[in-house]
Amino acid sequence: MSEETVCRAGPSLALIKYWGKSVKGDNLPATPSLAVTLGGVHTETRAAVAGEHDAMTVDGAAQDPARYSFFFDTLRHTLGITARFRAASVNSFPTSAGLASSSSGFAALTGACARAAGCDPSAADLSAMARAGSASAARSVFGGFVLLPAGARRARQVCGPEHWPDLRIVVAVTHRAPKPVPSRRAMEETRATSPYYFSWIKESAELLPEALRALETRDLELLGETARRSYSLMHGAILGARPPLLYWLPATVAVIHACAAMRTAGVGAWETIDAGPQVKILCLTRDVEAIVARVGSLGSGIQTLICRPGPGLQYGPEPANPPDTVAPNPPDTVAR
Ligand code: DP6
């Protein structure tokens with residue numbers, strides 16, 4: 001058995017969503033996606049070269065080897081090795097909270113396994129290997145703001161977390177149970193059966209330049225409106241699938257309406273929603289308190305987490321007092 005290596009990655013929150021694959025089975029995205037890697041929450045993975053079979057646990061639970069075989073085979077092929085791995089991932093956030101744990105999970109697993117095998121691949125190669133696990137994981141390898149173009153094998157960083165130090169993401173956790181349909185299956189059903197799928201692909205490509213411009217100029221209103229359009233179109237396409245699929249719960253809809261009311265009242269709160277019932281709200285530091293209070297007042301046991309643009313892959317265990325990589329603005333992450 002090799003020495004154990006440790007790698008951490010933050011979840012990748014898409015502002016422009018990836019939904020649909022251009023090549024089934026190879027995780028090549030049909031849409032471009034632009035995401036922010038979240039700081040304040042992470043997956044930490046420990047890996048070692050060991051045994052004759054790959055073995056993986058997440059938060060202590062053994063995982064189905066079938067879900068990981070393509071990933072491990074791609075990793076071995078890319079690194080030119082034959083090693084098998086024993087790996088254990090732990091999420092610092094609720095795994096079932098719809099916080100893109102597969103993006104941070106496969107990114108951290110890629111970094112930990114590569115190091116455990118004695119390899120030091122480039123970030124671009126790490127991104128391509130992580131994509132074999134989950135396309136969104138290709139983005140989590142990088143910190144800050146990250147682009148995965150349509151059809152791309154690897155993601156690339158657009159700008160680091162320091163580009164927008166006062167950007168915050170308030171995550172409204174509306175429900176903790178695992179989602180009814182995994183995103184991989186839902187996106188394939190959308191591709192195969194939704195009459196809106198091709199409109200979704202076309203519109204997504206058109207949203208990207210707008211989002212990149214908003215990011216470059218730190219125009220939160222433009223970025224927020226573009227992100228709202230992206231998730232609305234994605235969920236519209238999902239609703240058009242056969243059978244139709246609705247990930248939203250009453251509390252999800254309540255948060256959407258609360259964001260609209262806050263914007264009308266001058267509080268900058270722009271929501272986005274992934275394949276689940278949670279709502280992620282883009283805002284600036286100055287509005288965090290008002291947003292957390294408003295979401296808390298909705299009742300229904302909604303919890304909030306506060307995240308910021310975070311770093312890419314980090315090696316070694318988390319320091320006891322992690323340095324504030326972005327801005328001296330506590331609290332980094334709070335659960336209420
Ligand atoms: C809604 O990356 O989990 O979060 O590539 O099949 O593993 P696979 O899917 P995954 O899907 C993420 C979908 C999304 C949008 C996004 O992160 O861009």
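Note that ligands are numbered from 1 as they come in the structure, with each ligand's atoms numbered from 1 the same way. Note that this is a predicted model, so its numbers are computed, not measured.
For the pair Thr264 (side chain) and Ala260 (backbone), a donor-acceptor distance under 3.5 Å is present. A donor-acceptor contact shorter than 3.5 Å is absent between the side chain of Arg8 and the backbone of Glu44.
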Which pairs would a plain distance check flag for residues 215-224, meaning a side-chain donor or acceptor within less than 3.5 Å of a matching protein atom at least two apart in sequence or in another chain?
{"unit_1": "Thr217", "atom_1": "OG1", "unit_2": "Arg213", "atom_2": "O", "d": "2.9"}
{"unit_1": "Thr217", "atom_1": "OG1", "unit_2": "Ala214", "atom_2": "O", "d": "3.4"}
{"unit_1": "Arg218", "atom_1": "NH1", "unit_2": "His163", "atom_2": "O", "d": "2.7"}
{"unit_1": "Arg218", "atom_1": "NH1", "unit_2": "His163", "atom_2": "ND1", "d": "3.3"}
{"unit_1": "Asp219", "atom_1": "OD1", "unit_2": "Glu221", "atom_2": "N", "d": "3.3"}
{"unit_1": "Asp219", "atom_1": "OD1", "unit_2": "Leu222", "atom_2": "N", "d": "3.0"}

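Side-chain contact between Pro11 and Leu13 is absent, with no heavy-atom pair separated by less than 4.5 Å. At least one side-chain heavy atom of Phe93 sits under 4.5 Å from a side-chain heavy atom of Ser101.
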* Asked: When you look at Leu109 and Met56, which way does the side-chain contact (heavy atoms from CB on, under 4.5 Å) test go after all the steps?
  -> CA-CA 10 Å; Leu109 181 61; Met56 178 73 201; 3.8 Å; yes
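Around ligand 1, the residues contributing at least one heavy atom under 4.0 Å from the ligand are Ala14, Lys17, Tyr18, Trp19, Lys21, Asn27, Arg67, Ser102, Gly133, Ser134, Ala135, Ser136, Arg139, Ser183, Arg184, Met187, Met234, Asp274, Ala275.
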